Amino acid sequence: MTGFPQLLHTVLDTTDVRALAEFYRQLLGLQYRHGDEPAPEGAPDDVDWLVLTDAHGNRKLAFQHVEQLERTTWPRPDVPMQMHLDLTVPDRGTLEDQHCRAMALGAELLFDRTDDPEEPLYVYADPAGHPFCIFVA
């Protein structure tokens, strides 16, 4: 025992659990926790909680259903970010590759700071409106 609580995963609220889980599954190369896989084609898939894991089964992200979710208006302060995910890549070439992937998967570009020589980054909203960054670390 370490004497401290251990972080299990980050939970994101969403009005469409499967769609948001699928966005992050594809973006981050994660997999569904055993039993959380999509329902067979034609079967109802009205889940209200899903978990994504890495290849070793470590929980990374979870998604829970909410009836409504107000999207952030960042960078305007009306509805703040409240939290966001930071994702890193090793170099500018990879940053551009991942930018194209994120956009193709349905991310919305909120801010482009790729002209920063020290820490180029993009800030996006995922399909549910949660902000996340991809930057060169």
Side-chain angles (χ1 to χ4, degrees):
M1 179 174 211
T2 64
F4 299 99
Q6 299 299 302
L7 181 63
L8 180 61
H9 51 232
T10 300
V11 181
L12 300 174
D13 288 349
T14 180
T15 58
D16 188 338
V17 172
R18 181 67 66 193
L20 192 60
E22 190 59 21
F23 171 82
Y24 280 106
R25 186 190 69 77
Q26 291 183 45
L27 181 68
L28 301 175
L30 299 174
Q31 57 197 29
Y32 288 105
R33 173 182 64 174
H34 180 71
D36 285 351
E37 299 85 0
E41 190 170 329
D45 192 17
D46 55 353
V47 295
D48 61 0
W49 177 267
L50 290 174
V51 176
L52 294 178
T53 69
D54 64 16
H56 305 290
N58 299 309
R59 293 176 179 214
K60 295 297 181 180
L61 291 172
F63 307 88
Q64 84 180 348
H65 181 263
V66 294
E67 288 300 318
Q68 69 179 44
L69 182 68
E70 192 169 4
R71 293 176 71 98
T72 181
T73 58
W74 187 91
R76 293 188 339 268
D78 308 343
V79 179
M81 280 189 183
Q82 298 182 11
M83 62 85 62
H84 69 273
L85 301 176
D86 279 344
L87 310 173
T88 63
V89 295
D91 56 57
R92 285 179 179 271
T94 306
L95 178 63
E96 291 310 313
D97 291 345
Q98 295 305 316
H99 168 69
C100 291
R101 286 189 66 248
M103 297 300 290
L105 289 169
E108 175 189 348
L109 181 63
L110 300 178
F111 184 68
D112 178 340
R113 195 182 78 190
T114 55
D115 59 348
D116 184 323
E118 300 296 317
E119 191 177 66
L121 68 82
Y122 290 107
V123 180
Y124 308 89
D126 67 24
H130 303 103
F132 69 97
C133 303
I134 302 178
F135 61 96
V136 177

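In this text, all values refer to a predicted model and were calculated from it rather than measured experimentally.
- Between Trp74 and Phe111, the angle of the ring planes goes over 60°, which puts this pair in the perpendicular group of the 30/60° scheme.
- The closest side-chain heavy-atom distance from Thr88 to Phe135 is below 4.5 Å.
- Considering CZ of Arg59 and CG of Leu7, their distance stands at 11.5 Å, rounded to 0.5 Å.
- One distance of note links OH of Tyr32 with CD of Glu22; it measures 4.0 Å at 0.5 Å rounding.
- For Gln64, the side-chain hydrogen bond (donor to acceptor under 3.5 Å, both in side chains) criterion is met by Asp13, not counting sequence neighbours.
- Note on Phe63: it clusters hydrophobically with Met83, by side-chain heavy-atom contacts below 4.5 Å among ILVMFWY residues.
- A single hydrophobic cluster is not seen to contain both Val123 and Leu28; linkage of ILVMFWY side chains at heavy-atom distances under 4.5 Å, directly or through other members, places them apart.
- Note on Val17: it clusters hydrophobically with Leu105, by side-chain heavy-atom contacts below 4.5 Å among ILVMFWY residues.
- Annotation for His65 and Glu67: closest pair CE1-OE2, 3.1 Å, computed over non-hydrogen atoms.
- Taking every heavy atom of both residues into account, Phe132 and Ala125 meet most closely at CE2-C, 4.1 Å.
- In the hydrophobic clustering of this structure, Leu85 groups with Leu52; members are Ile, Leu, Val, Met, Phe, Trp, Tyr whose side-chain heavy atoms approach within less than 4.5 Å, directly or through other members.
- Under the 4.5 Å side-chain heavy-atom criterion for grouping Ile, Leu, Val, Met, Phe, Trp and Tyr, Val47 is connected to Leu30 within one hydrophobic cluster.
- For the residue pair Gly106 and Pro127, the shortest heavy atom distance occurs at O-CG, 4.0 Å.
- Residues His130 and Leu69 are in side-chain contact: their nearest non-hydrogen atoms beyond the backbone lie under 4.5 Å apart.
- No side-chain heavy atom of Leu87 sits under 4.5 Å from any side-chain heavy atom of Gln98.
- If you take CD1 on Ile134 and OH on Tyr122, they are separated by 9.5 Å, rounding to the nearest 0.5 Å.
- Side chain of Arg101 to main chain of Gln26: a donor-acceptor pair is present (N/O by atom type, distance under 3.5 Å, no hydrogens or angles).
- Closest approach of Thr14 and Ala128 over heavy atoms only: OG1-CB, 3.8 Å.
- The CG atom of Asp48 sits 8.0 Å away from atom CG of Asp46, with the distance rounded to the nearest 0.5 Å.
- In terms of modelled atom types and a separation under 3.5 Å, the side chain of Gln68 and the main chain of Val66 share no donor-acceptor contact.
- Across every non-hydrogen atom of His84 and Cys133, the tightest pair is CD2-SG, 3.8 Å.
- Considering all non-hydrogen atoms of both residues, Ala39 and Pro44 come closest at CB-O, 3.5 Å.
- Remark: the backbone N or O of Thr114 is paired with a side-chain donor or acceptor of Arg92 at under 3.5 angstrom.
- A donor-acceptor contact shorter than 3.5 Å is absent between the side chain of Arg71 and the backbone of Val79.
- Proximity of a side-chain donor or acceptor of Asp36 to a complementary backbone N or O of Val51 within less than 3.5 Å is detected.
- No side-chain heavy atom of Asp126 sits less than 4.5 Å from a side-chain heavy atom of Leu27.
- Atom-to-atom distance recorded for Thr10:OG1 and Leu8:CG is 9.5 Å, nearest 0.5 angstrom.
- Considering only heavy atoms from C-beta on, Val136 comes within 4.5 Å of Val89 through its side chain.
- The distance from the OH atom of Tyr124 to the CE atom of Met103 is 7.0 Å, given to the nearest 0.5 Å.
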